[in-house]
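What you see below is based on every heavy atom in this structure, not just the backbone, and it leaves out hydrogens, waters and symmetry mates.
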Amino acid sequence: MGTNTGQDRKPWHRHFETVGSIVAIVVGVAALYVSWDQGRVMRQEVRASVWPAVQTEGYVDRSSGDLVIGLKLHNAGVGPARIERLTLRSGDEIVDDISDLLQRMPDGADRSVQYSTGRIMAAGETLNPFELRYPADSALSEVDAVDLMRSLSEDWATEVCYCSVLDQCWVGGDREVGQREVERCDGVPASSL
């Protein structure tokens, strides 16, 4: 029975099982990291491929001879948008519905309404929640369209909250630059337009 003097021990590089195990662990950890990173990149690509970007724009037009005042929503993104809330304000007050809007505007308009809340807007689609058309011979026939647009933009404001098919939500409006992401579209009452 001999004493173990350390001479019969194999050097570390001769322990193939141990070296193989360590290499397998390193390869497994690297594969796990690559898999996690690929999943993260794929989620970002899916989000980007269905990203909506709804923009609001008030307008005044006189090109047809009539005076036309309206609101336009346009989905400039690459994915569909589900309109959750459209809020129209006059000063600090929320405009409740089309009747409330008509009471705040001059009389005599022919109106066109497309309800937007709850609607799905495809990428590139434009929606006009309301358009008021005053005939060329109305009391507003002498009003300058540029001056009217300036005065309306000082007093009126719009805000739209919309979500993607992945339930990511954003808020934008004519008083904001760009869109800001929100968790949900609640908190501010909506106009029923």
Side-chain angles (χ1 to χ4, degrees), residues 43-44 46-62 66-134 138 140 143 145-193:
R43 282 190 298 277
Q44 289 175 342
V46 167
R47 284 181 173 174
S49 70
V50 296
W51 177 63
V54 177
Q55 300 170 340
T56 64
E57 178 185 6
Y59 62 92
V60 175
D61 181 31
R62 219 184 243 295
D66 295 343
L67 177 65
V68 180
I69 301 170
L71 177 65
K72 186 183 304 183
L73 301 180
H74 178 71
N75 184 357
V78 294
R82 184 179 67 242
I83 307 298
E84 295 289 327
R85 172 175 48 83
L86 174 64
T87 305
L88 183 63
R89 294 179 190 271
S90 175
D92 292 333
E93 298 177 11
I94 292 177
V95 177
D96 294 322
D97 54 23
I98 192 67
S99 324
D100 190 10
L101 174 70
L102 291 173
Q103 288 176 359
R104 296 168 190 264
M105 299 300 284
D107 289 335
D110 293 328
R111 68 177 188 230
S112 172
V113 178
Q114 289 181 310
Y115 292 99
S116 56
T117 303
R119 188 169 178 153
I120 304 293
M121 287 182 70
E125 183 178 359
T126 298
L127 173 70
N128 291 28
F130 69 88
E131 185 174 272
L132 306 176
R133 181 175 296 274
Y134 294 92
S138 72
L140 295 175
V143 173
V146 174
D147 290 340
L148 180 60
M149 186 65 201
R150 186 178 308 118
S151 70
L152 288 173
S153 65
E154 289 172 0
D155 192 45
W156 291 79
T158 59
E159 181 180 271
V160 62
C161 190
Y162 58 95
C163 301
S164 73
V165 295
L166 298 176
D167 288 326
Q168 288 180 281
C169 301
W170 295 267
V171 171
D174 57 4
R175 301 264 168 112
E176 292 190 35
V177 176
Q179 319 296 313
R180 65 184 154 87
E181 194 166 351
V182 294
E183 199 168 314
R184 292 192 331 248
C185 288
D186 51 353
V188 176
S191 304
S192 58
L193 294 172

From the list D96, I94, D97, side-chain contact (heavy atoms from CB on, under 4.5 Å) with S191 holds only for I94

* To do: List the steps and the verdict of side-chain contact (heavy atoms from CB on, under 4.5 Å) for Q179 and Y162.
  => CA-CA 10 Å; Q179 319 296 313; Y162 58 95; 3.0 Å; yes

**OP:** Would you sort out whether W156 and L71 count as a side-chain contact (heavy atoms from CB on, under 4.5 Å), showing the intermediate values?
**Re:** CA-CA 11 Å; W156 291 79; L71 177 65; over 6 Å; no

To the nearest 0.5 Å, atom OG1 of T126 lies from atom CE of M121 at 6.0 Å

**Asked** Do S153 and D174 come within less than 4.5 Å of each other through their side chains, counting heavy atoms only?
**Response** no

Rounded to the nearest 0.5 angstrom, the OG-CD distance for S164 and E181 is 8.5 Å

*Short question: side chain of D61, backbone of V68 - any donor-acceptor pair under 3.5 Å?*
no

Closest non-hydrogen contact found for E131 with Y59 is OE1-OH, 2.5 Å

Applying salt bridge (charged side-chain N to carboxylate O under 4.0 Å, His left out) to D167 and not counting sequence neighbours gives R82

Of all heavy-atom pairs linking D92 and R89, the shortest is O-NH1, 4.0 Å

dist T56:OG1 -> L86:CG (nearest 0.5 Å) comes out at 8.5 Å

Next item on the list: State whether the SG distance for the cysteine pair C185/C169 is less than 2.5 Å.
Entry: no

To the nearest 0.5 Å, atom CD of E57 lies from atom NE2 of H74 at 10.0 Å

Residue pairs meeting side-chain hydrogen bond (donor to acceptor under 3.5 Å, both in side chains), one or both in residues 106-125, sequence neighbours left out, come to none

Looking only at heavy atoms, the pair that brings P52 and A81 closest together is CB-CB, 3.5 Å

When rounded to the nearest 0.5 Å, the distance separating CG of L88 from CD1 of I98 is 9.0 Å

d(R150 CZ, D155 CG) to nearest 0.5 Å is 15.0 Å

Heavy atoms of L152 and I69 approach each other most closely as CD1-CG2, 3.9 Å

The side-chain contact (heavy atoms from CB on, under 4.5 Å) partners of R85 (sequence neighbours excluded) come to T87, E159, C161, V171, V188, A190

Using only atom types and a distance under 3.5 Å, with no angle test, would you say the side chain of N75 pairs donor to acceptor with the backbone of G124? no

Practice problem: Measure the shortest side-chain to side-chain distance between L102 and F130 over non-hydrogen atoms and say whether it is less than 4.5 angstrom. | Solution: no

